[in-house]
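Each chain gets a letter, A, B and so on, in the order its sequence line appears, and its residues count up from 1. Predicted model, so just to flag it, every value in this text is computed and none were measured.
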Amino acid sequence: MDVTSIIDPLNDAQRQAVTAPSQATLVLAGAGSGKTRVLVHRMAWQIQVENIPAHSLLAVTFTNKAAKEMRGRIEELLKMSAHNLWIGTFHGLAHRLLRRHARQAHLPEAFQVMDSADQLRVIKRVLAGLNLDESKWPPRQVQWYINAQKDEGLRARHIPDHGDPYHQQQLVIYRTYEALCDRSGLVDFGELLLRTHELLRDNADLLAFYHQRFLQVHVDEFQDTNAIQYAWLRLLTEGRDNLFLVGDDDQSIYGWRGAKIENISLFQQHYPNHQIIKLEQNYRSTGTILKAANKIISFNSGRLGKNLWTNAGDGELISLYTAFNEQDEAHFVVDRIRSWVGEGGKFSETAILYRSNAQSRQFEERLMSTATPYRVYGGLRFFERAEVKNALAYLRLIANRHDDASFERVINTPTRGIGTKTLEDLRLIAQERGLSLWNAMLALVNQPTLTARANNALAGFLALVEQLAEQGRDEALFEKVTRVVEKSGLLAWYEKDKDKGEEKAENLKELVNAAKLFDAASLPDAEDNASELDLFLSHAALEAGDLQGDDSDDCVQLMTLHSAKGLEFKRVFLVGLEDGLFPSQQSLDDLARLEEERRLCYVGITRAMQHLYLTYSESRRLYGRESYPKPSRFLREIPMELVQEVRLRNTVSHPAIVANSKANSKSASFMPNSPYSLGQRVRHNTFGEGVILQLEGDGAQQRVQINFREVGMKWLMLSYAKLDAL
DNA sequence: CTGACGAACTTTTTT
DNA sequence: AGTTCGTCAG
């Protein structure tokens, strides 16, 4: 037993967390403080020192990437295979439980997982069935509503009817959607979690079994859990205090999709014997970068409070560049990257981080014209491409004829002369008799109602699917996939397609390849009663294709701030720091959202190891309009002694550094002198309570923008308004 | 069923 | 501006 390799590389706080007795534990791990390391070493400790069998440990993450990394690092540390450790995403684990207990979860054995595009299709179909106008009921909004309810653990029947007709209609849609999914054997992402929760809640024997099975439950990025995920964790650990959480309230950036920071305080209530351990020593960034990050995040309220430190020294100052326009901004950034690489740096150690995807364009153009290698993260993934989804839809029909979403997708792909009319008829029959589209087709085919042509087409489709299923019955997975790709006509169809047809055909061949790899990889612990095909299809939905180009290529990394979470780069360019862009327009008048933007800024800054560049532009073409944005308020929150401006001040029309000659420049920050600060709560004699959102001007001219709870937004002259700080 | 044209958008994204 | 989406004509 080699305990030293587990314990020695840790600092005191990390060691305390790793060796803590089994007890509800929250590790507040600041950026770069080694949170994955703590999780990995904790599990290794439990296996090697506490002699807990590996299969009794459960570890939950949000992304497949994180799960994969964790598994890899444990194997590396323990020098053994970790295949019997339950490590996975919330959705992956939920899926696994549902496969094992499909019957008790009231699901067909061959149930299929829908990704969000599939879900959207089903919703459109529901709307059409209810005769609702898509312009009045935008499918995306409906989808958002349904997912938000599921994230809260609510089914349609749980939601009270307030008598509001709009809301009533929404409920009808939700209910109809649920019914359609049940009938088709389809499960969306939210449903995976919700249904697993119900499964465990309603089956005492199962719950007892998993209580015994999972002696320790570990959770990564706890601040990102939503209500149903937390309920799930509680159920698995109730009465047993064996929950080990790692998270950082300052890096909670997914509130907009249901993540609840409140889960942290709920945890504190629900597990009264918990302990909290803070990891504040940072191993990533220079002191200067950490000071900037600490200062910015300190403007947020209600934090649990952390202060990152390092013993690595201050390092270089942060660079601030004011661009004339967005081309100039791109020019500057690419210039700096190239000259740094000229001095021996690597492209891949450089990242350009922006708030919104649309901003990548200008940088891509500049990188392209200077022949600088780069990679943009985000965008369509492999299993999300239309041609791949079409092939998968055939496979799904083979697995489950009643999968209406897949049926609609391929009934006329490639085109075989089944038009809207025939499809309308099918939908009508399906709806009237409560059948799947497949069964509706069986009922309709060979009926005199159909024209000979339509009938032939339908019969052809029917025969095709049956034939694919029949002939592939005893084949290996990749042979089935090959058969589908070729015999469905998809491959030939795409080969003829003049618009990127070659690439699409190539992707279909790649799908065959993916099936081969899956075959080989899914050896251990194959799920009890699921077929390999079912598992492959679920894999496609749950892991939309992590294949991120070659990591070996030396490229500049371009991505949004959101997708940069968890990564680190020697040089980071945080661009577009303008009010309205970052923080985004929509968050400017809402303190909670503004604070989330500030956390996003904190995440961005703490990605940088050695050198941080901040840029903003004096003019920007946005949505076809020229705008002249103000520098981001976040810039004013960074102490100026940490920053060096790259461009001469006198050419800047909106200096980010507020002229502040009277104040002594040593300790001055970008904030104007004022007894008030952003985010501060104040009371006004007539307007009541509110929160300060903006400060402007100096001395007697100073104005504040306040969002009052009762009367909304107001601009007030500070010298006239009588404000009391709260 | 395809191609063309016009309208309506436009934060962030994983599963 | 640029893209995507839906509608219409051929």
Side-chain angles (χ1 to χ4, degrees), chain A residues 60-67 88-95 113-120 124 133-135 138-141 143-144 147 150-151 187-194 196 221 224-226 228-229 252-259 326 353-362 365 377-381 383-384 412-421 457 493 496-499 538-546 559-566 576 580-588 590 593-594 596-597 599-601 603-604 620-627:
Chain A
V60 195
T61 63
F62 277 83
T63 64
N64 293 303
K65 197 171 154 202
T89 62
F90 275 100
H91 295 85
L93 294 165
H95 170 254
V113 180
M114 286 189 283
D115 68 14
S116 18
D118 300 328
Q119 185 189 28
L120 194 64
K124 284 183 178 167
D133 184 357
E134 285 197 6
S135 61
R140 291 204 176 271
Q141 247 162 279
Q143 182 179 32
W144 196 84
N147 288 340
K150 291 195 177 190
D151 283 350
V187 171
D188 63 42
F189 289 133
E191 185 71 25
L192 285 170
L193 303 174
L194 183 49
T196 312
E221 307 271 22
D224 287 336
T225 48
N226 62 30
I228 189 72
Q229 286 161 338
S252 162
I253 54 175
Y254 287 112
W256 52 276
R257 65 175 200 213
E326 67 271 22
L353 307 182
Y354 35 78
R355 176 66 240 265
S356 79
N357 282 311
Q359 287 167 263
S360 75
R361 191 194 189 90
Q362 66 203 58
E365 280 168 5
Y377 284 70
L380 262 200
R381 278 148 357 166
F383 287 113
E384 290 170 355
N412 200 33
T413 321
T415 48
R416 52 173 68 85
I418 299 173
T420 25
K421 178 69 181 68
W493 196 55
K496 274 186 292 185
D497 191 342
K498 37 196 173 298
D499 178 37
S538 303
H539 165 82
L542 288 169
E543 232 171 291
D546 250 3
M559 66 191 88
T560 63
L561 286 158
H562 281 89
S563 35
K565 190 161 87 154
L581 233 204
F582 187 34
S584 76
Q585 193 62 45
Q586 294 87 330
S587 60
L588 287 179
D590 179 331
R593 300 175 87 180
L594 188 62
E596 185 153 309
E597 296 282 305
R599 291 193 291 270
L600 194 54
C601 185
V603 167
R620 182 175 296 273
R621 189 166 268 282
L622 202 59
Y623 307 139
R625 272 227 147 68
E626 202 77 36
S627 66

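Between A:F189 and A:H91, the angle of the ring planes goes over 60°, which puts this pair in the perpendicular group of the 30/60° scheme.
Partners of A:W144 according to the ring pair (Phe, Tyr, Trp, His ring centres under 6.0 Å) rule, which considers only residues two or more places apart in sequence or in another chain, do not exist here. Residues passing the ring pair (Phe, Tyr, Trp, His ring centres under 6.0 Å) test with A:Y354, sequence neighbours excluded: none.
Here the side chains of A:Q362 and A:R620 are in contact, with some heavy-atom distance below 4.5 Å. Annotation: side chain of A:L192 is not in contact with side chain of A:F90 (no heavy-atom distance under 4.5 Å).
The CD1 atom of A:I253 sits 12 Å away from the C1' atom of B:dT14 (whole-angstrom rounding). Atom P of nucleotide B:dT15 and atom CZ of A:F189 are separated by 8 Å, given to the nearest angstrom. Residue A:W144 contributes atom CH2, which lies 13 Å from atom C1' of B:dT11 at whole-angstrom precision. In this structure, A:Y354 atom OH and B:dT13 atom P are separated by 9 Å, rounded to whole Å. The CZ-P distance, from A:R625 to B:dT10, rounds to 16 Å in whole Å. Nucleotide B:dT15 holds its C1' atom 15 Å from the NZ atom of A:K65, rounded to whole Å. When the C1' atom of B:dT14 is taken as reference, atom CG of A:L192 falls 13 Å away, rounded to whole Å. In this entry the distance linking OH of A:Y377 with C1' of B:dT12 reads 18 Å, nearest Å.
Residue A:R599 is classed as having no contact, given no heavy-atom separation below 4.0 Å to the nucleic acid. Across all strands, A:D188 comes closer than 4.0 Å to no nucleic acid atom at all (heavy-atom distances). Among the heavy atoms of the strands lying under 4.0 Å from A:N357 are primed sugar atoms or P, OP1, OP2 only; no base atom is included. Within the nucleic acid shown, A:R361 comes within 4.0 Å of sugar-phosphate atoms alone, with no base atom in reach, counting heavy atoms only. Across all strands shown, A:F62 has heavy atoms under 4.0 Å from sugar-phosphate atoms exclusively, and none from any base. Here A:S587 lies out of heavy-atom contact (under 4.0 Å) with every strand.
Heavy-atom contacts of chain A under 4.0 Å fall on DNA chain C between two terminal nucleotides, which in 5' to 3' order are C:dA1 to C:dT3.
Contact annotation: A:R381 side-chain N/O to B:dT15 OP1/OP2 distance is under 4.0 Å. Between A:N412 and the phosphate of B:dC1, there is a side-chain N or O to OP1/OP2 separation shorter than 4.0 Å. Put simply, A:T560 has a side-chain N or O that comes within less than 4.0 Å of OP1 or OP2 on B:dT13. The phosphate of B:dT11 (OP1 or OP2) has a side-chain N or O of A:Y623 nearer than 4.0 angstrom.
Rounded to the nearest Å, the gap between the P atom of B:dT12 and that of C:dC5 is 15 Å. Separation of the C1' atoms belonging to C:dG6 and B:dT11 is 25 Å when rounded to the nearest angstrom.
The heavy-atom pair separating A:D151 from A:R257 by the smallest distance is OD2-O, 3.6 Å. Considering every non-hydrogen atom in both A:K150 and A:G190, the closest pair reads CD-C, 4.0 Å. A pairwise comparison of heavy atoms in A:G576 and A:F582 identifies O-CB, 3.8 Å as the closest pair.
Distance from the side chain of A:S584 is smallest for B:dT11 among the nucleotides B:dT13, B:dT11, B:dT15. Listed candidates were B:dT15, B:dT11, B:dT13. Nearest to the side chain of A:R257 is B:dT13.
Annotation: of the two residues near DNA chain B, A:E596 and A:S116, the 5′-most nearest-nucleotide partner is A:E596. Judged by closest nucleotide on DNA chain B, A:G417 is the one of A:Q586 and A:G417 placed further toward the 5' end.
Ion pair A:D224/A:K565 flagged as a salt bridge, since at least one NZ, NE, NH1 or NH2 atom sits closer than 4.0 Å to an Asp/Glu carboxylate oxygen.
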